[in-house]
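Read the numbers this way: they start at 1 and go in the same order the structure lists the ligands and their atoms. All values below come from the heavy atoms of this structure, side chains included, with hydrogens, waters and symmetry mates left out.
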Amino acid sequence: MSLFLDAAWGKNTERAPIWIMRQAGRYLPEYRALKEKYSFWELCRTPELARLVTLQPIERFPLDAAILFQDIMTPLPPMGVDIDFRPGPVFENPIRSAAMVDTLRVPETGEIAPYVPEAIKLIRADSPVPLIGFGGAPLTLATYMIQGGGSKDYEEFRQFLRLEPQAAHKLLDKLTEVSIRYLKMQIEAGAQAIQLFDSWAGLHDTKTYAEFALPYNKRVFEALADLDIPRLYIAVNALHLYKEIETLPCEVVSIDWRAPIDVVRPQLGGKTVQGNLDPAVLLASKEIITREAERVLRSGLGGAHIFNLGHGIMKQTNPEHLAHLVETVQAFDRRRARESLGC
Ligand code: CP3
């Protein structure tokens with residue numbers, strides 16, 4: 001076993017394992033060098049390049065887990081949509097009607113990103129740490145598909161949910177089926193944990209989340225229940241959703257930086273908590289990084305904790321600051337800290 005997998009399965013480990021959301025990417029000069037030569041889709045779709053990028057942060061930092069280099073959009077093109085990255089995802093033809101939802105295909109497993117299992121096998125052969133596979137949660141995928149790309153308010157999507165709720169459910173149903181096939185394929189190829197990214201769930205009120213996100217997330221996680229891998233979930237800006245999230249059949253919930261772990265943990269029914277340093281702290285000084293990371297670590301002492309940022313690392317981050325963070329987290333002895341705090 002590994003520290004990461006132990007903590008994901010609920011063990012209160014002696015030190016907190018650490019990995020970083022978006023740990024492969026534009027803050028690393030070696031990633032930017034590859035991007036001079038290849039487009040984002042080329043990096044994703046060439047197994048040898050996806051292996052290389054996945055392992056770049058692992059070679060530079062002693063992280064406790066690797067995450068597959070792909071995007072949450074990876075399984076969508078065979079449904080019949082065209083996606084470009086500039087650098088965020090842009091849909092050539094956003095889904096804006098019930099008729100368009102009907103034209104979307106639900107591809108067989110073998111048609112969905114066949115380069116992904118190949119990449120996973122290459123990574124597993126070389127990685128010293130467990131490999132996390134991932135996908136987008138159905139609601140978050142639908143957000144981009146209908147809006148057509150990133151946005152401040154996602155007004156097209158929020159309008160569609162109200163005007164075309166049946167079509168929205170049809171779309172979410174198709175995305176759920178594709179996600180299940182895609183995630184099972186990753187696990188069969190060797191992914192040792194799965195994280196479901198629900199980046200835009202927090203945009204919605206509790207009732208809307210309960211109707212359009214929760215049942216689909218449950219279906220995805222239930223489909224993975226017998227595959228012997230820990231299931232991780234992240235919703236950003238979701239303090240109002242934990243009562244619903246607590247009911248998800250998953251082992252780990254990742255929380256952003258808006259509330260301390262010890263405040264949120266009692267609402268999560270014994271699941272492992274992941275998080276929750278504000279990614280902006282890495283833009284400050286090493287002294288501030290030490291202070292804030294130790295604050296997060298102390299707040300995580302009440303149970304199983306996987307250290308991470310509350311959301312993805314920012315592209316302006318100095319890699320030396322991340323090295324300092326990893327060192328700080330790995331030097332923190334949880335048992336001794338508990339003794340000195342008298343808990
Ligand atoms: O974490 C990792 O190291 C694995 C790789 C990974 C990428 N995207 C690569 C990527 C992961 C886990 C993702 C997930 C993802 N993609 C999410 C969920 C996590 C989150 O941040 O909420 C979302 C919403 C997307 C959609 C997406 N893709 C956005 C908003 C962008 C914009 C650019 C950015 O970096 O934020 C992308 C493009 C993208 N995906 C890049 C990378 C490295 C940058 C593309 C480039 O190099 O030009």
Atom CD of residue position Glu14 - does it have more than 12 heavy atoms of other residues, nucleotides or ligands inside 6.0 Å?
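Result for CD/Glu14: open.
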Please check if the number of heavy atoms outside Lys170 that lie under 6.0 Å from its NZ is greater than 12.
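Result for NZ/Lys170: open.
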Could you identify the single nearest non-hydrogen protein atom to [atom] and state the distance to 0.1 Å?
{"atom": "atom 38 (C) of ligand 1", "value": "Pro87 O, 3.3 Å"}
{"atom": "atom 4 (C) of ligand 1", "value": "Leu68 O, 3.4 Å"}
{"atom": "atom 12 (C) of ligand 1", "value": "Phe134 CZ, 3.4 Å"}
{"atom": "atom 14 (C) of ligand 1", "value": "Ile72 CG2, 3.8 Å"}
{"atom": "atom 33 (C) of ligand 1", "value": "Arg26 NH2, 3.2 Å"}
{"atom": "atom 20 (C) of ligand 1", "value": "His311 NE2, 3.1 Å"}
{"atom": "atom 42 (C) of ligand 1", "value": "Phe40 CE1, 3.5 Å"}
{"atom": "atom 16 (N) of ligand 1", "value": "Asp71 OD1, 2.9 Å"}

For ligand 1, which atoms, with element, lie under 4.0 Å from some heavy atom of [X]?
{"X": "Lys35", "answer": "46 (C), 47 (O), 48 (O)"}
{"X": "Gly88", "answer": "31 (C), 32 (C)"}
{"X": "Tyr144", "answer": "24 (C), 30 (C)"}
{"X": "Ser199", "answer": "18 (C), 19 (C), 20 (C), 22 (O), 24 (C)"}

Could you tell me whether Gly312 and ligand 1 have an N or O pair separated by under 3.5 Å?
no
Contact check: Arg22 vs ligand 1, nitrogen or oxygen atoms, below 3.5 angstrom
yes
Check ion pair [X]-[Y] (N to O, under 4.0 angstrom):
{"X": "Glu211", "Y": "Arg162", "value": "no"}
{"X": "Asp205", "Y": "Lys207", "value": "no"}
{"X": "Glu36", "Y": "Arg32", "value": "no"}

Check the pair Leu214, Tyr209 against side chain to side chain contact (heavy atoms under 4.5 Å, CB included), reporting the backbone distance first and the verdict last.
CA-CA 6 Å; Leu214 195 64; Tyr209 180 86; 3.8 Å; yes
What verdict does the side chain to side chain contact (heavy atoms under 4.5 Å, CB included) test give for Tyr31 and Leu43, after you've listed the backbone C-alpha separation in whole Å, the side-chain angles of each residue and the deciding distance to 0.1 Å?
CA-CA 10 Å; Tyr31 174 79; Leu43 292 181; 3.6 Å; yes
Of Tyr38, Tyr27, Tyr31, which has the heavy atom at the shortest distance from atom 43 (C) of ligand 1?
Tyr31
Can you confirm whether or not the ring centre of Phe212 sits under 6.0 Å from the ring centre of Phe157?
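No, the ring centres sit 6.0 Å or more apart.
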Apply salt bridge (Lys or Arg N to Asp or Glu O under 4.0 Å) to Glu118 and Lys121, showing your working.
CA-CA 5 Å; Glu118 281 184 53; Lys121 286 175 196 151; over 6 Å; no
Is the closest heavy atom of Gln70 to ligand 1 under 4.0 Å?
yes
In this structure, which one of Gln274, His305, Lys271 forms a side-chain contact (heavy atoms from CB on, under 4.5 Å) with Val252?
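The residue from Gln274, His305, Lys271 that satisfies side-chain contact (heavy atoms from CB on, under 4.5 Å) with Val252 turns out to be Gln274.
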